Each structure stands twice: as structure tokens, then as C-alpha cells.
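This report refers to the structure that appears directly beneath it.
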Amino acid sequence: MLHNLSTMAGDPLWELISLFNQDNRKEKVNLIVGVYRDETGVTPVMQVVKDAEHELAKQAKSKCYGELSGNLKFNDQIASFLLGDSENLNRQCTIQTVGGTGALRLLAEFVAHLSPNSIIWNTDPGYINHKPIMESVGLTVKPFRWQQQAGELDIQTCLTDLEDAHEGDIVLLHGCCHNPTGIDPTPEQWQQFADVFKAKGIVPLVDIAYQGFAEAPDKDAAGLRLFVDQLDLVLVAASCSKNMGLYCERTGAAMIVTPDSNKLQSIRTLLESITRANYSMPPEHGAAVANLLFDNPVPWLNELSVYRNRIKQTRQKLGAILADLNAAPELQLISQQNGMFSMLPLTKEQMAVLREKYAIYGVTNGRINIAGLKQSQIEPLAEALVGVMNQ
């Protein structure tokens with residue numbers, strides 16, 4: 001069997017991380033990996049999470065197997081977190097998954113099972129794992145351009161590229177904090193998408209991995225909730241990795257909102273049959289922690305606001321310094337974007353110069369993690385960016 005195993009290239013992201021770790025320069029800057037880091041460069045454990053874990057340890061409940069759908073209380077609570085106090089909760093099926101990635105894979109298999117000829121329309125640029133996840137189950141993925149114009153999403157280019165989308169096709173959108181561009185639709189643009197999807201019979205798949213990282217969680221979910229209010233069928237992949245800091249606990253959820261509540265049990269059965277053949281049920285610990293945070297949300301949301309405000313302040317400071325340096329307008333747009341990521345308008349070769357000359361590491365396609373910046377690194381980054389673009 002192994003004689004058929006060919007040599008495979010490693011993940012380019014982790015190869016970059018290896019290069020960073022081998023770099024001995026003290027001033028090196030890591031803007032590669034998509035995790036929140038504080039001013040000390042650490043991805044912290046929230047105090048509310050520590051408190052929840054102490055409480056769970058004291059309770060010391062059984063480690064027996066749970067449900068195929070995961071923690072049922074978690075499913076109800078994250079559904080309410082996503083949709084708010086809405087009648088639409090009566091027409092959704094939500095099950096816990098192995099992180100947001102697991103939710104995407106589960107939904108991909110759900111689509112492939114019921115509608116294998118559906119095209120998945122994915123933003124370009126988009127999250128690096130969206131395309132391989134969808135293609136891994138045999139679905140066809142096509143791009144539509146996601147770019148900025150006059151300080152906001154170029155919606156007309158999006159809609160032009162989606163003219164060839166047909167009834168039953170899936171459009172994969174980011175609920176907020178688009179990865180990797182940081183470009184989010186305005187409320188009016190969410191409505192434009194909804195109008196087109198309704199007219200053409202297109203199904204949105206909303207990946208909402210950063211709820212609470214652009215604005216307060218309810219505001220970040222506004223686009224998703226608009227879709228659920230106005231469209232019959234909506235697919236949702238959610239994650240607790242960022243807004244609860246539960247990265248390695250792999251805590252997420254897949255939601256399907258249907259126009260026919262009579263189909264909810266059949267939807268759940270199909271989802272459970274997919275997970276049963278994959279990983280049976282998801283891990284309990286992260287969901288149990290999340291439940292305690294949902295039970296008493298104010299301390300958690302206060303901590304989350306600290307993360308969000310730090311990212312916003314970093315963006316504003318970087319944008320201000322770039323303006324002072326008369327940087328290219330497309331660089332200054334960083335201050336108008338949301339969340340952890342932005343795309344630098346640099347070529348692969350220019351990103352290599354940034355790395356080799358200035359010890360600043362970003363992904364070769366230009367993506368950088370704004371949340372990875374320390375305050376002392378903002379000005380050197382701005383100067384390096386201007387230096388590279390002026391070469």
C-alpha cells in the first residue's frame with residue numbers, strides 16, 4: 001500500500017511558522033497564525049474561562065459518552081446567541097461540532113448528500129480552508145471577487161460575478177470580520193445579497209467564526225439574522241474559538257434554518273448520521289465551559305470587548321501612522337476594516353522582502369494578523385510597508 005504514497009508538500013502556513021521560529025532576529029514580528037494575542041504576545045485564557053473550568057472541576061460530572069448532537073444545552077444557547085430572541089429559533093436545527101472547521105465539513109457533507117450538483121460560490125480571496133473542505137466531499141467551488149472600493153465592499157463586482165449562480169447553489173459568506181480581507185458588507189449590502197438570493201433561489205452558508213470581534217455580538221450577527229428573517233433556507237457554521245478563546249477545545253456548531261419545521265427531526269437525523277460515521281460525538285469540555293459563559297454573559301462579554309477594542313485601537317494607530325507616512329491609499333484602508341485580518345496590497349515577492357529584510361512575517365498572499373501586533377511593533381511595520389512599496 002505505502003508504495004503508492006507520493007511525496008506531498010507540507011502546509012505552507014506551518015512552513016512559514018517554522019521559518020519564523022528559526023529566525024534569530026530579536027525584532028522579528030509574527031503576523032502569520034490566525035489567533036488573538038495580547039500585548040505580551042500570548043494567546044490568553046479568558047478569566048471567565050478559567051473560572052468556568054474551576055467550577056466544572058468541582059462538579060466533577062461523569063465522563064460518559066454524550067449525545068451524537070453534542071451538548072444539547074450548548075446547542076440551544078449558541079442558537080440563541082446567533083439568532084437572538086427570535087421566532088426563527090423554532091425553525092432551526094443546531095448541533096455541536098468539532099470546532100468551526102468541523103461545522104463547515106458537516107455542512108459540506110450535508111449539501112453533498114442532498115444536492116451534489118450545487119455549486120459553492122466562495123469569496124476570492126477567502127479563508128484558506130473553505131475551498132479544500134468543500135472540494136473534499138466532491139462539491140464544485142467557484143470564486144467571486146471580494147474587494148474594497150471607496151472604503152467599503154465592492155458589492156457590484158460581487159453581484160456581477162454571481163450572475164451565473166443558479167437555484168440551489170450555495171454562496172459562502174463570512175458573518176463578520178472577513179478572513180482574510182477584513183472587508184464586511186454594510187447593512188444595505190447585506191440586504192442586496194438577500195434580495196438576489198431570494199430572487200435566484202440561492203442558499204447562503206454563513207461562516208461566523210468571529211462574532212463579537214468587529215462590534216458587539218448582536219451587531220456582528222445582524223447580516224445573518226437578516227438572512228434568516230427573509231430567506232427560507234440558511235446554513236450556518238459557528239465557532240467559539242475566537243470569542244471565547246477555546247481554540248484547542250474545538251467547540252463549534254452547525255445550524256440549518258428551514259422553512260418547514262416538520263423537517264427538523266429528519267435534518268438532525270441526517271446530521272447525526274454524518275457525524276456518527278466520522279467522529280461519533282464532539283468533545284464535551286469546551287461546550288460545558290461555553291454553557292457557563294452563556295449562563296452569565298456579562299463578565300464574558302466585558303472581556304471580549306477588551307479583545308475587540310485592542311484590535312480596533314491597533315488598526316487605528318497603524319492607519320494613522322501610515323497616513324503620516326503618506327502611504328498608498330490601499331494601505332491606509334487597514335484602519336477601515338474589521339477583525340483580526342487584513343490583506344496587504346503586496347506581491348509574493350514583496351512579502352518575501354518584508355520577511356527577509358524587516359523580519360516581518362505574514363502569509364505569502366499578503367494576509368496579516370492585526371491581532372498579532374504589539375504596540376511597539378506598529379510603527380516599524382508601517383515604515384517597513386512603505387519601504388517595500390516604494391522600492
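Being a predicted model, the structure only gives us computed values, none of them experimental.
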Look up atom [atom1] in [X] and atom [atom2] in [Y], then write down how far apart they are to the nearest 0.5 Å.
X	Y	atom1	atom2	value
Ile155	Leu159	CD1	CG	4.5 Å
Glu152	Gln336	CD	CD	9.5 Å
Ile274	Leu107	CD1	CG	8.5 Å
Thr157	Arg145	OG1	CZ	5.0 Å
Phe193	Leu226	CZ	CG	12.0 Å
Tyr36	Thr43	OH	OG1	9.5 Å

State, yes or no, whether a side-chain contact exists between [X] and [Y] at a heavy-atom distance under 4.5 Å.
X	Y	result
Glu284	Asn71	yes
Leu231	Pro204	yes
Val111	Leu139	yes
Leu31	Val29	yes
Arg105	Ser136	yes
Val234	Leu224	yes
Leu233	Ile256	yes

Can you name the nearest heavy-atom pair linking [X] to [Y], along with the distance?
X	Y	answer
Glu330	Pro345	CG-CG, 3.4 Å
Gly100	Ala237	O-CB, 4.4 Å
Gly212	Arg308	O-NH1, 2.8 Å
Ala253	Ala103	O-CB, 3.3 Å
Ser280	Leu68	O-CD2, 3.5 Å
Gln377	Gly372	OE1-O, 3.9 Å

**Phe81 ring center within less than 6.0 Å of Trp300 ring center** =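 Centroid separation for Trp300 and Phe81: below 6.0 Å.
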**Prompt:** Are the ring centres of Phe197 and Phe227 closer than 6.0 Å?
**Reply:**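 Close enough - the centres of the two rings lie under 6.0 Å apart.
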Membership question, hydrophobic clusters at under 4.5 Å side-chain separation (ILVMFWY): are [Y] and [X] in the same one?
X	Y	answer
Val45	Phe294	yes
Leu82	Met244	yes
Val206	Phe110	no
Leu333	Ile378	no
Val141	Leu162	no

With no hydrogens and no angle check, is any side-chain donor or acceptor of [X] less than 3.5 Å from a backbone partner on [Y]?
X	Y	value
Gln96	Pro282	no
Arg315	Gly339	yes
Asn309	Ser305	yes
Asn369	Val33	yes
Arg91	Thr258	yes
Thr160	Gln156	yes
Asp184	Cys177	yes
Asp220	Cys176	no
Glu55	Ala52	no
Asn122	Pro143	no

**Item:** Check against side chain to side chain contact (heavy atoms under 4.5 Å, CB included), Ile202 and Glu167
**Value:** CA-CA 5 Å; Ile202 291 171; Glu167 182 177 358; over 6 Å; no
**Item:** Audit row: Ile311, Met340, side chain to side chain contact (heavy atoms under 4.5 Å, CB included) steps and yes/no
**Value:** CA-CA 7 Å; Ile311 295 172; Met340 290 168 47; 3.9 Å; yes
Would you say [X] has more than 12 foreign heavy atoms packed within less than 6.0 Å of its [atom1]?
X	atom1	value
Gln59	CD	yes
Lys219	NZ	no
Asp85	CG	no
Ile128	CD1	no

Do [X] and [Y] have side-chain atoms, one donor and one acceptor, less than 3.5 Å apart?
X	Y	value
Gln22	Ser18	yes
Asn243	Tyr307	no
Asn179	Tyr210	yes
Glu249	Thr251	no
Thr181	Gln148	no

**Prompt:** In a check of side chain to side chain donor-acceptor pair (under 3.5 Å) between Asp207 and each of His130, His174, His178, which one passes?
**Reply:**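 Among His130, His174, His178, the one meeting side chain to side chain donor-acceptor pair (under 3.5 Å) with Asp207 is His130.
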**Prompt:** For the side chain to side chain donor-acceptor pair (under 3.5 Å) test, which of Lys198, Gln191, Arg225 pairs with Gln230?
**Reply:**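 When side chain to side chain donor-acceptor pair (under 3.5 Å) is applied between Gln230 and each of Lys198, Gln191, Arg225, only Gln191 qualifies.
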**Prompt:** Hey, is Asp195 close enough to Lys200 for a salt bridge, meaning N to O under 4.0 Å?
**Reply:**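 Here Asp195 does not pair with Lys200 in a salt bridge, since their nearest N and O are not under 4.0 Å apart.
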**Under-4.0 Å salt bridge between Glu39 and Arg310** =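 Salt bridge flag = yes for Arg310 with Glu39.
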**Pi-cation contact, Phe20 with Lys28 (under 6.0 Å, within 45°)** =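 The answer is yes, since Lys28 meets both limits relative to Phe20.
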**Charged tip of Arg367 within 45° of Phe341 ring normal and under 6.0 Å** =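 Positive - Arg367 is close enough to the ring of Phe341 and near enough to its axis.
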**Request:** Go through Met281 and Glu67 one step at a time and tell me if the side chain to side chain contact (heavy atoms under 4.5 Å, CB included) criterion holds.
**Result:** CA-CA 6 Å; Met281 70 277 300; Glu67 304 279 347; over 6 Å; no
**Asked** When you look at Gln47 and Asp51, which way does the side chain to side chain donor-acceptor pair (under 3.5 Å) test go after all the steps?
**Response** CA-CA 6 Å; Gln47 184 59 50; Asp51 294 342; 2.9 Å; yes
**Asked** Which is it for Ile170 and Trp121 under the side chain to side chain contact (heavy atoms under 4.5 Å, CB included) test, yes or no, and what are the steps along the way?
**Response** CA-CA 6 Å; Ile170 312 293; Trp121 294 85; over 6 Å; no
